[in-house]
Q: 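Here's a structure for you.
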Amino acid sequence: MVLTGVCSLHIQPPLPAIPNVKNTNIETVRTDLLHNFNTPFELKQIHSYIIKTNNNEKYSILPLNRVASVCALSCDFDYAQSIIQRVSPSHYDEIVIWNSCLKTFAEGDNPIHALLLFSQLSHYDIRPDTFTFSFVLKACSLLSHLVTGSLVHALVEKLGFQSDLFLQNTILHMYASCGLTHVAQRFFDKMPRRDVVSWNIIITHLTKQDQIQLAHALFDQMPKRSVRSWTAMIAGYVQCGRPKEAIRLFTLMEEAGEKPNEVTVVALLAACADLGALDLGRRVHEYLNKCGFGKNVRVCNTLIDMYIKCGCLEIAQKVFAGMEERTIVSWSAMIGGLAMHGQGEEALKLFSSMSRIGIRPNGITFIGLLHACSHMGLINEGRRFFNSMTRDYGIIPQIEHYGCMVDLLSRSGLLQEAHEFIKNMPIKANGVVWGALLGGCKVHKNVELAEEAIKHLLVLDPLNDGYYVVLSNIYADAGRWEDAARVRKLMRDQGVKKTPGWSSISVDGSVHEFVAGDAAHPQAEEIYEKWQQLLKQLKLRGYVPDTKVVLLDMEEDKKEHVLYRHSEKLAVVFGLMNTPPGTPIRIMKNLRVCEDCHAALKLISEINNRDIIVRDRNRFHCFKDGSCSCREYW
DNA sequence: TTAGGGTTAG
C-alpha cells in the first residue's frame with residue numbers, strides 16, 4: 001500500500017516542568033487545556049506537567065484529543081502520535097484521540113497526513129469506527145486519492161459499516177470527487193437508503209460535469225429538497241453559462257418558501273453579473289445587508305464583481321472600501337474591474353497599495369494588471385509585470401498571460417515583436433494568442449501578419465466567426481475587395497455563420513433585447529422614427545457613417561441602412577425614450593462595439609447629455625460628453 | 001469528533 005513506512009512512531013521525552021504551571025487542581029488544568037491555552041507550546045507545557053505527575057487517573061479526564069489535534073494542526077506529527085500512544089484503553093477511548101487527529105489533518109492544509117496517520121492504525125489493536133472512516137474518506141476526497149479511497153471503501157464493507165448512511169454519503173462524495181461519474185451514479189442507484197445529502201452530492205457532481213439536464217431531472221425527482229439542493233442547481237446553471245435559468249430557479253425557490261443563504265446569494269450575484277442584471281443585483285445587495293451576509297468575504301467579492309460587470313464601478317469601489325476583511329480575490333477583482341473600465345492608472349495604484357501592505361498577488365491579479373497596461377498602451381510597465389510575476393512571486397505565466405502580452409504588444413503596433421514573442425513562447429499558442437495578434441493587425445493595418453495569424457487560427461479555431469470577420473475587414477480596409485470576398489466565401493464553405501449581434505437594456509426591471517434591424521419590439525416604429533431625428537443632429541455634428549464595417553456585398557446607401565439598424569443604436573434610442581433625462585443608459589452587447597456605433601454613441605452622449613455605459617465582449621465603454629473612457633483604444 | 005454548496009480570469 002502507498003502509505004506505509006512514512007511515519008515513525010516514537011515517544012518524545014517529556015518537556016521539563018514549567019515553573020509557571022503551579023496549579024495542581026486537575027479541573028483547572030482541564031479548563032486551561034480546553035479553553036485558555038491554544039498554542040502547541042502552551043498545551044505541551046501543561047501536558048508535560050501531567051506526565052511528570054505520572055498520575056494516570058488525572059490523565060484519564062484530560063481532553064487529550066484537543067492537545068493531540070492542536071499539535072497535529074501545527075504539523076507536530078510526532079508529538080500528536082506520542083499522545084495517542086501514551087493513552088491506555090482503560091483510561092481513555094483511544095479511537096477518539098485518533099479520530100480527533102485524523103479530523104484535524106483531514107481539514108487542515110495537508111490532508112495527506114490523515115492518510116499517513118490512518119496507515120499507522122493497523123499497527124495497533126484498535127478498531128476504527130465510523131468517525132475514523134469519515135475523516136479518512138474526506139481526506140481521500142480532497143486529494144482525489146482514488147486508490148486509497150477504494151481501499152477504505154472495501155475496509156468499510158469488510159468491517160460491516162456499509163449500512164451507515166453517513167459513511168455511504170461520504171463514499172459517494174469520494175467517488176464523485178475523484179471524477180468517477182459512473183461509479184458514483186451506480187453507487188447512488190444502489191444505495192438502500194438515501195437522504196437529502198445523498199441527492200445533493202450526486203446533483204452537485206453532475207452539474208460540475210456539465211450534465212445539467214441530468215442533474216435537473218434528479219432535482220425534480222428529489223423527495224425532499226433543502227436550501228443546498230436549490231443552491232447546487234442555481235450555482236450549476238451559472239457555472240454552465242446559463243444565468244437566466246439560474247435566476248428562474250431562484251424565483252421558484254422563493255415561491256417554494258426556501259430562504260437563500262450566503263452561497264445562494266453568491267450564485268445569484270454571479271448570474272446577475274453575467275447578465276448585467278443590475279436591478280436584481282441591487283435587490284440582492286439590499287437583501288444580504290438585511291440578513292447580515294454583507295460581512296462575508298466571498299459574498300462581498302461577488303458583489304464587487306457584479307457591480308463591476310453591471311457598469312457601476314463606483315459602487316464596487318464603495319463595497320471594496322467598506323470590507324472588514326479582504327482576500328486576494330477582492331483585490332484582483334477590483335484591479336481587473338478598474339482595467340476593464342479603462343481606469344488603468346487606478347488599477348496600478350491599487351496594486352501598489354496592495355503590495356505595500358504585504359498582500360501577495362496571484363496569477364489572476366497579473367491578468368488584471370496586464371489588461372490595465374494593454375488598455376493604456378503601457379508597454380514597459382506590462383513587460384515589467386510579466387517578468388516580475390515569476391521573478392518576484394514564483395508565478396509561472398499561463399497561456400492567458402501570454403495572450404495579454406501579445407495583446408499589449410500588438411495593440412501598441414509592435415507587431416513584429418508580438419510575432420517573435422509568440423514564436424518564442426514555451427507553450428503552444430492558442431486561438432486567443434493568435435487572435436490578439438490578428439486584432440493588432442487590424443488596428444495597424446498589417447495584411448501580411450494578419451494572413452500569418454489566420455493561417456494558425458484556421459487550424460486552432462476554424463469555427464470562430466470573429467476571425468474571418470476581422471480578416472475580411474482588414475482586406476476591405478486595404479481596398480482588397482476580392483480577398484475580402486474570398487474570406488466570406490471561405491466562411492460559407494466552412495459552414496461558419498456570423499454570430500448575430502444583440503444588445504440589451506434593462507428598464508424598470510425588464511430586460512429589452514434588440515438584434516440588428518429588429519422589428520419585433522413593440523416600440524420598433526417609434527424607435528426608428530426617433531433615430532431618424534437623431535441622425536440629423538448627428539450629421540450636423542460631423543457624423544459620417546462608416547460603411548466599411550458592413551461586410552455584405554451591397555451598395556453604399558444600403559450599407560448605411562444596415563448600419564443605422566445596429567442593435568446597440570436601437571437599444572440606446574430605446575433607452576433615451578424610456579428613461580428619465582440625465583440618467584445613465586446601460587447597454588450590454590454580446591460582441592464588440594463596431595467603429596461606427598462607437599463614433600455615433602460618443603456624439604449621442606453629448607447631444608443628449610447622457611452617460612452611456614456599454615459592456616461589450618471585452619470591456620466597458622463609458623461615453624460621456626462626446627468622448628469614451630476607452631480613449632479609442634479597444 | 002462524522003456527509004453535501006460559493007468569489008477574481010476565461
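Hydrogens, waters and symmetry mates are skipped; everything else that's a heavy atom, side chains included, is used. Just so we're on the same page: letters track the sequence lines, and every chain starts at 1.
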Q: Which of residues 338-361 of chain A have a heavy atom under 4.0 Å from DNA chain B?
A: none
Q: A:A271: which residues meet the side-chain contact (heavy atoms from CB on, under 4.5 Å) condition with it, sequence neighbours left out?
A: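 With sequence neighbours excluded, A:A271 shows a side-chain contact (heavy atoms from CB on, under 4.5 Å) to A:V238, A:P243, A:A246, A:I247, given in chain and number order.
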Q: Do A:S150 and A:H153 pair up side chain to side chain, a donor and an acceptor below 3.5 Å, judged on atom types alone?
A: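 The answer is no; no qualifying pair exists.
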Q: With a 4.0 Å heavy-atom cut-off, tell me which residues in residues 207-226 of chain A come close to DNA chain B, sorted by residue number.
A: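 Heavy-atom contacts with DNA chain B come from A:K208, A:S226.
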Q: Taking side-chain contact (heavy atoms from CB on, under 4.5 Å) as the test, write out the residues that go with A:N387, two or more places apart.
A: A:R391
Q: Scan the side chains in residues 350-358 of chain A for donor-acceptor partners under 3.5 Å anywhere in the protein, sequence neighbours excluded, and list what turns up.
A:
residue : atom : partner : partner atom : Å
A:S352  : OG   : A:L348  : O            : 3.2
A:S353  : OG   : A:K349  : O            : 3.1
A:S355  : OG   : A:F351  : O            : 2.9

Q: Any base atoms under 4.0 Å from A:T302, or only sugar-phosphate, or nothing? Heavy atoms, all strands.
A: sugar-phosphate
Q: Is A:K309 near enough to B:dA9 that one of its side-chain N or O atoms lies under 4.0 angstrom from OP1 or OP2?
A: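 For B:dA9, OP1/OP2 do have a side-chain N/O of A:K309 under 4.0 Å.
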Q: Got a sec, which residues hit side-chain contact (heavy atoms from CB on, under 4.5 Å) with A:T231, two or more places apart in sequence or on another chain?
A: A:V227, A:N261, A:V263, A:T264
Q: For residues 298-316 of chain A, which residue pairs qualify under salt bridge (charged side-chain N to carboxylate O under 4.0 Å, His left out), counting only residues two or more places apart or in two chains?
A: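 Listed once each, the pairs are A:D305-A:K309.
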Q: Identify, with sequence neighbours excluded, every residue that meets side-chain contact (heavy atoms from CB on, under 4.5 Å) alongside A:R242.
A: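 Applying side-chain contact (heavy atoms from CB on, under 4.5 Å) to A:R242 gives A:I212, A:Y237, A:C240, A:E245.
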Q: For B:dG10, does either OP1 or OP2 sit under 4.0 Å from a side-chain N or O belonging to A:H371?
A: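 Answer is yes, contact under 4.0 Å.
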Q: With pairs taken as Watson-Crick or G-U wobble and both distances under 3.5 angstrom, which stems of at least three consecutive pairs involve DNA chain B?
A: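 Paired runs of 3+ in DNA chain B: none detected.
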Q: For residues 364-374 of chain A, which residue pairs qualify under side-chain hydrogen bond (donor to acceptor under 3.5 Å, both in side chains), counting only residues two or more places apart or in two chains?
A: A:S332-A:T365, A:N362-A:T365, A:S374-A:D407
Q: Applying ring-ring contact (aromatic ring centres under 6.0 Å, His included), name anything that partners A:Y393, two or more places apart in sequence or on another chain.
A: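 Listed in chain order: A:F366.
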Q: Could you tell me which residues satisfy ring-ring contact (aromatic ring centres under 6.0 Å, His included) with A:H341, sequence neighbours excluded, listed by chain and number?
A: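 Per chain and number, A:H341 pairs via ring-ring contact (aromatic ring centres under 6.0 Å, His included) with A:F620.
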Q: Return no unless some side-chain N or O of A:H401 is found under 4.0 Å from OP1 or OP2 of B:dG10.
A: no
